[in-house]
2 protein chains.
Amino acid sequence: MERLARAAAGYYRDLTAAAARHGLTMTQAKMLILLRQPLPALAGRLACDASNITGLVDRLEARVSREADTADRRIKNVVATEEGREAVRLVRADMRGTSEAFARLDEEGRRTLYELLGRLHPEDTQKTT
Amino acid sequence: MERLARAAAGYYRDLTAAAARHGLTMTQAKMLILLRQPLPALAGRLACDASNITGLVDRLEARVSREADTADRRIKNVVATEEGREAVRLVRADMRGTSEAFARLDEEGRRTLYELLGRLHPEDTQKTT
DNA sequence: TATTGTTATACTCTATAACTATA
DNA sequence: TATAGTTATAGAGTATAACAATA
């Protein structure tokens with residue numbers, strides 16, 4: 001457990017630092033990364049209450065935009081702007097440092113790690129509340 | 001990277017839920033767990049600014065206490081009270097659910113995972129600022 | 001002078017509850 | 001009546017800057 005905790009902390013430390021270098025908080029970076037896909041419905045994906053999304057999107061400002069849904073006018077689809085997508089590219093590029101640790105593992109090591117991590121957290125359904 | 005992100009998110013989700021069940025936030029739980037050892041110096045270990053420790057310790061209230069250092073009167077050593085240690089025990093017991101995923105891995109799988117995670121984040125020196 | 005801890009301040013993230021506009 | 005998003009409010013975590021006590 002200790003080592004898993006350290007690996008998790010290390011990952012988030014790297015992500016936070018990479019995000020900060022490009023004017024984003026970790027949460028903002030995570031949201032923008034999720035928005036690579038047009039955002040399925042809303043963001044139960046961020047494991048937070050719906051009321052947070054409003055402020056989160058507000059603070060992202062130009063990096064994101066709200067678009068009215070044509071089918072259901074209650075829905076506002078959040079999409080990343082070009083500025084937002086560029087920020088994601090930069091953050092992900094900065095995460096290369098972390099990825100490189102992966103790269104240094106041999107092919108078998110990587111496959112093994114994938115499999116073991118997958119067995120630890122087979123599901124990714126983060127419930128809100 | 002995706003799978004590492006999911007594993008990290010899964011770990012913290014479990015920890016947050018376990019902590020909440022016992023009246024703690026994730027950060028408070030992490031701090032209390034660190035305090036199993038009498039706290040080396042202060043808490044650069046939490047990867048946060050010194051000014052946060054004050055409020056963090058305040059909010060932990062009875063689960064923690066400040067003790068004056070005999071050698072250097074500027075220093076206040078933070079130690080977990082029995083109530084604090086009990087809270088840690090309960091949280092860690094609740095994390096068994098997560099640990100069990102480990103237990104289901106065979107012996108070799110566990111050793112391999114330890115080694116691979118260790119190679120990803122060999123150091124745990126979290127710099128403040 | 002330098003360091004430890006605190007206070008003051010400000011911003012982000014979070015949840016709950018009440019509200020609106022749609023459906 | 002129910003749902004999607006918002007607003008208002010409150011609390012927790014964070015950093016910066018200024019400060020007191022001690023070294």
Side-chain angles (χ1 to χ4, degrees), chain A residues 9 12-13 15-17 19-35 38-61 63-79 87 91 126-129, chain B residues 9 12-13 15-17 19-35 38-61 63-79 87 91 126-129:
Chain A
Y12 281 118
R13 190 170 61 245
L15 177 56
T16 302
R21 255 172 255 128
H22 302 288
L24 294 169
T25 64
M26 184 187 66
T27 308
Q28 290 174 335
K30 285 204 298 191
M31 186 177 201
L32 274 182
I33 288 169
L34 278 179
L35 288 178
L39 191 74
L42 67 166
R45 299 293 294 269
L46 279 171
C48 70
D49 189 87
S51 63
N52 297 331
I53 306 300
T54 303
L56 214 41
V57 170
D58 286 349
R59 284 187 290 273
L60 277 170
E61 296 181 340
R63 286 164 290 209
V64 111
S65 77
R66 293 175 169 93
E67 305 199 349
D69 190 285
T70 50
D72 185 339
R73 288 191 298 168
R74 292 175 301 182
I75 296 175
K76 290 179 188 169
N77 292 306
V78 181
V79 299
V91 169
Q126 304 157 331
K127 280 208 300 277
T128 304
T129 301
Chain B
Y12 281 118
R13 190 169 62 244
L15 177 57
T16 301
R21 256 174 254 128
H22 302 288
L24 293 170
T25 65
M26 184 187 66
T27 308
Q28 289 174 336
K30 285 203 298 190
M31 186 177 201
L32 274 183
I33 289 169
L34 279 179
L35 288 179
L39 191 73
L42 67 166
R45 300 292 295 267
L46 279 170
C48 70
D49 189 88
S51 63
N52 297 331
I53 305 299
T54 303
L56 214 42
V57 170
D58 286 350
R59 284 187 290 272
L60 277 170
E61 297 182 340
R63 285 164 292 208
V64 110
S65 77
R66 293 175 169 93
E67 304 198 350
D69 190 285
T70 52
D72 185 340
R73 286 192 299 171
R74 290 175 302 183
I75 297 175
K76 290 179 186 169
N77 291 306
V78 180
V79 298
V91 169
Q126 303 156 333
K127 281 206 301 277
T128 303
T129 301

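Below, read A as the first sequence line, B as the second, and so on, with proteins coming before strands; counting in each chain starts at 1. Not measured: the values here are computed from a predicted model.
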Does B:K76 make a side-chain N or O approach to OP1 or OP2 of D:dA21 shorter than 4.0 Å? no

Nucleotide-resolved protein contact map, nucleotides 9-14 of chain D, B/S/- at heavy-atom distance under 4.0 Å: ---SBB

Protein heavy-atom contacts under 4.0 Å, written 5' to 3' over nucleotides 18-23 of chain C as B (base), S (sugar-phosphate only) or - (none), form the string ---BBS

Could you list all the salt bridge (charged side-chain N to carboxylate O under 4.0 Å, His left out) pairs where at least one residue sits in residues 19-30 of chain A, not counting sequence neighbours? A:R21-A:D94

Do [X] and [Y] have side-chain heavy atoms sitting under 4.5 Å apart?
| X | Y | answer |
| --- | --- | --- |
| A:K76 | A:D69 | no |
| B:C48 | B:I53 | yes |
| B:V64 | B:L32 | yes |
| A:V57 | A:S65 | no |
| B:R66 | B:N77 | no |
| A:V91 | A:L15 | yes |
| B:L35 | B:V79 | no |

Can you check the B:N77 CG to C:dG5 C1' distance for me, whole Å? 12 Å

Can you measure A:I75 atom CD1 to D:dT6 atom C1' for me and round it to whole angstrom units? 15 Å

Hits for salt bridge (charged side-chain N to carboxylate O under 4.0 Å, His left out) against A:D72, two or more places apart or cross-chain, chain-then-number order -> A:R74

Salt bridge (charged side-chain N to carboxylate O under 4.0 Å, His left out) filter on A:R59, not counting sequence neighbours, yields none

How far does the helix from C:dT1-D:dA23 to C:dA23-D:dT1 bend, going by the axes of its first and last five pairs, to the nearest 10°? 10°

